[in-house]
Amino acid sequence: MFMGTYEHGIDAKGRVIIPAKLRDGLGDTFVVTVGLDGCLYAYPMNEWEIFLTELKKLPGTKEARAFQRTFMANAATCECDKQGRTLIPANLRERVGIDKDIVFVGVLGKVELWSKQVFEESTDVEDLDSIADKMSEFGLSF
């Protein structure tokens, strides 16, 4: 399970050090793809396989095909070097505006990769109580 927030810089070659607390769970090889809300998702291989299984279960509708296509077309396998660095593909960094500063957010079975600016703008939840009420409809209690 991933949790916590970590900020790092990206070097001129597009490499970033994966925070040690997240690196252990991601492993030496993991998959990065587009995410929701303007971030990227990084999946350890075991969680990626679970996600693929769920994608395969989707119906053959136009929306499902587009959803599958978007995640798969933008997926890239990333590997950590001996210093714990990895290269996030330029097309994925550009897609979500990651240039110099990156924020890693551990969210259960995956890690979200955010542009620092976008993350700061998106985490200003105005009415957490209202969201909590909605989540209670799914059986989540606080």
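Below, each value reflects all heavy atoms present in this structure, side chains not excepted, and no hydrogens, waters or symmetry copies. Note that the structure is a prediction, hence the values are computed from the model and not measured. We number each residue from 1, following the sequence as shown.
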Do [X] and [Y] sit in one hydrophobic cluster, given that two such residues count as connected whenever their side-chain heavy atoms are within less than 4.5 Å of each other, even indirectly?
| X | Y | value |
| --- | --- | --- |
| F119 | Y6 | no |
| L22 | V32 | yes |
| L40 | F104 | yes |
| L113 | M3 | no |

Could you check whether any side-chain N or O of [X] sits under 3.5 Å from a backbone N or O of [Y], counting only pairs where one atom can act as donor and the other as acceptor?
| X | Y | value |
| --- | --- | --- |
| T86 | C78 | no |
| T61 | A64 | yes |
| R85 | C80 | no |
| R93 | I88 | yes |

Subject >> Heavy-atom side-chain proximity of W114 to V105 below 4.5 angstrom >> reply: yes
**OP:** Please examine the side chains of V107 and F2, heavy atoms only from C-beta on, and report whether any two atoms are closer than 4.5 Å.
**Re:**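 No. Closest side-chain heavy atoms not under 4.5 Å.
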**OP:** Only pairs at least two apart or in different chains count here, so list each side chain to side chain donor-acceptor pair (under 3.5 Å) that has a residue in residues 11-23.
**Re:** D11-R15
Spacing of [atom1] belonging to [X] relative to [atom2] belonging to [Y], to within rounding of 0.5 Å:
| X | Y | atom1 | atom2 | result |
| --- | --- | --- | --- | --- |
| F67 | L58 | CZ | CG | 7.0 Å |
| H8 | I17 | NE2 | CD1 | 6.5 Å |
| L36 | Y41 | CG | OH | 3.5 Å |
| I18 | D28 | CD1 | CG | 11.0 Å |
| S115 | D99 | OG | CG | 6.0 Å |
| K116 | I10 | NZ | CD1 | 12.5 Å |

Locate the shortest heavy-atom distance separating [X] from [Y]; write the atom from each residue and the value.
| X | Y | result |
| --- | --- | --- |
| A42 | L26 | O-CD2, 3.9 Å |
| A75 | V31 | CB-CG1, 4.1 Å |
| L87 | G14 | CD1-O, 3.4 Å |
| V96 | V118 | O-CG2, 4.2 Å |
| T33 | T70 | OG1-O, 4.5 Å |
| A76 | L92 | CB-CD1, 4.4 Å |

Give the table of side-chain donor-acceptor pairs shorter than 3.5 Å for residues 44-57, with sequence neighbours excluded, one pair per line with atom names and distance.
| residue | atom | partner | partner atom | Å |
| --- | --- | --- | --- | --- |
| T53 | OG1 | E49 | O | 3.0 |
| E54 | OE2 | K57 | NZ | 3.3 |

**OP:** Could you give me the CA-CA distance, side-chain angles and deciding distance for N74 and R95, then say whether side-chain contact (heavy atoms from CB on, under 4.5 Å) is met?
**Re:** CA-CA 10 Å; N74 291 286; R95 185 178 181 117; 3.6 Å; yes
**OP:** Please list all pairs passing the ring pair (Phe, Tyr, Trp, His ring centres under 6.0 Å) test where one or both residues lie in residues 73-93, with sequence neighbours left out.
**Re:**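 Output for this query is empty, none listed.
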